[in-house]
**Q** 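What follows is a structure written as structure tokens; I'll ask about it next.
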Amino acid sequence: MTRKLHAIILAAGQGTRMKSALPKVLHPVGGKPMLAHVLDTAAAAGIDAAHLVLGHAAGRVQDWLNQREGKTPKTVLQGQQLGTAHAVLQAMPEVPDTALVIVLYGDVPLISPATLDALIKAADKGLALVTVTLDQPRGYGRILRDGAGRVMAIVEENDATPEQRQIREVNTGLMAAPARRLRRWLSHVGSSNAKGEFYLTDVVGLAARDGVEIRTVSAASADEVEGVNDPVQLARAERSFQRQQVERLQREGLYLADPSRFDLRGSLKIGRDVQVDVGCVFEGTVELEDEVRIGPYCILRDVRIAAGTRVDAHSVLDGAEVGRDCIIGPFARLRPGALLGNGVHIGNFVEIKKTTIGDGSKANHLAYVGDAVVGERVNIGAGVITCNYDGANKHATIIGDDAFIGTDSQLIAPITIGRGAYIAAGSTIAKDVPEDALTINRAREQRSFPGWKRPKKR
Ligand code: UD1
Ligand code: CA
């Protein structure tokens, strides 16, 4: 029997406590909107269809969904937020009787595929819930069990007696139930309670009365099922997410100087003996081959670095590809389209953009190289600038193998520097330069005026 799995993801609430213009479920954890985490986890758990219940800021969430890659969930609008049962009901017309419904939340981002799997399996016989036991259960619905330990109902904090409030096993909100039964139970849920809302949790009491088996699954940790309602909880979710992925990477053999001072907002693929010092932020897709070392306070976004390369402190690499055994930084900046060969040295305050640099070439200090193709074993001196932009268009600079570009030279593109060319320091080069020759262009020969007096202050 293959029962289709339909997830109903609640995301209609206002999120007032976030105090933000951004809809709550679009706030990122690990660089990815919370809602994306939930959708990805649902997909990983083999959900066949997802239904997203939207309300407040539905337009902005819909816009985000439209530009997102991957399977788009169906959305339904809950015009007024009359409670969690009412929210689930909005999606039920789209769910066939034979399906299993899994209720998820757009603001509970860290639920794991393993817990979701366990929930789905536990719903085999009837209704299943994810619960967790907390030292401080305040605010949560409490799980009521009979003498034999069978779940009888859930009572919300505001409706609970003082004795019931002593119960520490709480409802996480995550639930799975067969669609046909859930539909019937939902039709019997009323709103005569402290909040005057239609509570999804009432379904549990109705199921117990029907003699349906109610199983519970324990969340692996409280972090996993914690909802995000304000910036404090968002930051807590972020830390716990970072801790999780860092541990996984360490087990894969990543050497982090301090796991609590490393942030990954995307994916990281590593070889053997990769070391990362403190304070680094990695974004997008980062790939580091064997023995790559990243110094402290570096930012890497969409970067590939080949084996043996060292990136020193405070370097920013974005959209770059770096070859083997290079030395980058400290304080280097590689911008999109920087493609470095092997054994390249890029030193402090050097910016490289949309430029290919051949094996063994060096730019060790204070330079801008953009829209260029640089050959092998080229030496780019301090203060060299490729003047690539004329105010309207970008132009290319081509530098042949073994060229030497003297310090403080400007190369006015479009321009080609021949192989083995030697450009004297301080030259402004506006015409193509032949191979193997010394080229010099300074405003005027240097003159000195002996006996000259400095102006005096009046
Ligand atoms: C709910 C549970 C409670 C559980 C807690 C876990 C109910 C009645 N109670 O309480 O047992 O311990 O979650 O965090 O379900 N939402 C809608 N439409 C609505 C109402 C809510 O989409 O009409 C969404 C909210 O955006 C939110 C989620 O459902 O993401 C939970 O709603 P909320 O009002 O926060 O429920 P709690 O009172 O926290
Ligand atoms: Ca809540």
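First listed ligand is number 1; within each ligand, the first listed atom is number 1. Excluded from the calculations below are hydrogen atoms, water molecules and symmetry mates; all remaining heavy atoms, backbone and side chain alike, are included.
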**Q** When you look for heavy atoms under 4.0 Å from ligand 1, do you find them on the side chain of N171, its backbone, both, or neither?
**A** both
**Q** In terms of atom number and element, which parts of ligand 1 are under 4.0 angstrom from non-hydrogen atoms of Y199?
**A** 8 (C)
**Q** Side chain, backbone, both or neither: which part of Y140 has a heavy atom under 4.0 Å from ligand 1?
**A** both
**Q** Does only the side chain of H86 get under 4.0 Å from ligand 1, or the backbone, or both, or neither? Count heavy atoms.
**A** neither
**Q** Report, in ascending order of atom number, the atoms of ligand 1 lying under 4.0 Å from any heavy atom of L82.
**A** 23 (O)
**Q** Counting each atom of ligand 1 from 1 as listed, which ones have a heavy atom of L10 under 4.0 Å away?
**A** 22 (O), 24 (C), 29 (O)
**Q** With a cut-off of 3.5 Å and sequence neighbours excluded, list every side-chain donor-acceptor pair involving residues 128-141.
**A**
| unit_1 | atom_1 | unit_2 | atom_2 | d |
| --- | --- | --- | --- | --- |
| T131 | OG1 | E169 | OE2 | 2.8 |
| D135 | OD1 | R168 | NH1 | 3.0 |

**Q** Parallel, tilted or perpendicular: which fits the ring planes of F262 and F282, with parallel below 30° and perpendicular above 60°?
**A** perpendicular
**Q** Are any of the side-chain nitrogens in D318 or R301 under 4.0 Å away from the carboxylate oxygens of its partner?
**A** yes
**Q** Pick, from V228, D107, T84, the option with the minimum heavy-atom distance to atom 31 (C) of ligand 1.
**A** T84
**Q** Please test D277 against Y297 for side chain to side chain donor-acceptor pair (under 3.5 Å), starting from the C-alpha separation and ending with a verdict.
**A** CA-CA 8 Å; D277 213 324; Y297 305 107; over 6 Å; no
**Q** Strictly under 6.0 Å, is that where the ring centroids of Y389 and H395 end up?
**A** no
**Q** Would the distance check show the side chain of Q233 and the main-chain N or O of N229 forming a donor-acceptor pair, the cut-off being under 3.5 Å?
**A** yes
**Q** Within ligand 1, which atoms have a heavy atom of G141 less than 4.0 Å away?
**A** 3 (C), 4 (C), 11 (O), 12 (O)
**Q** Using heavy-atom distances only, which candidate in H56, K195, Q81, E226 approaches atom 34 (O) of ligand 1 most closely?
**A** K195
**Q** Would you say G83 touches ligand 1, if touching means a heavy atom closer than 4.0 Å?
**A** yes
**Q** Taking 4.0 Å as the limit for heavy-atom contacts, which would you say applies to V108 with ligand 1: side chain only, backbone only, both, or neither?
**A** neither
**Q** Check whether any side-chain heavy atom of I8 sits under 4.5 Å from a side-chain heavy atom of M92, and report yes or no.
**A** yes
**Q** At a non-hydrogen distance cut-off of under 4.0 Å, which region of A87 contacts ligand 1 (side chain, backbone, both, or neither)?
**A** side chain
**Q** At under 4.0 Å between heavy atoms, is it the side chain or the backbone of T172 that contacts ligand 1, or both, or neither?
**A** backbone
**Q** Is there a polar contact, in the sense of an N or O pair closer than 3.5 Å, between L200 and ligand 1?
**A** no
**Q** Specify whether F241 and H37 have parallel, tilted or perpendicular ring planes, treating 30° as the upper limit for parallel and 60° as the lower limit for perpendicular.
**A** perpendicular
**Q** With nothing but distance in play, are any N or O atoms of Q78 less than 3.5 Å from an N or O of ligand 1?
**A** yes
**Q** How does E197 reach ligand 1, if at all, at less than 4.0 Å between non-hydrogen atoms: by side chain, backbone, both, or neither?
**A** neither
**Q** Considering the options V378, V369, V373, I357, which one meets the side chain to side chain contact (heavy atoms under 4.5 Å, CB included) requirement together with I399?
**A** V378
**Q** Name every donor-acceptor pair, under 3.5 Å, that has one atom in a side chain of residues 337-346 and the other anywhere in the protein, sequence neighbours excluded.
**A**
| unit_1 | atom_1 | unit_2 | atom_2 | d |
| --- | --- | --- | --- | --- |
| N342 | OD1 | R324 | N | 2.7 |

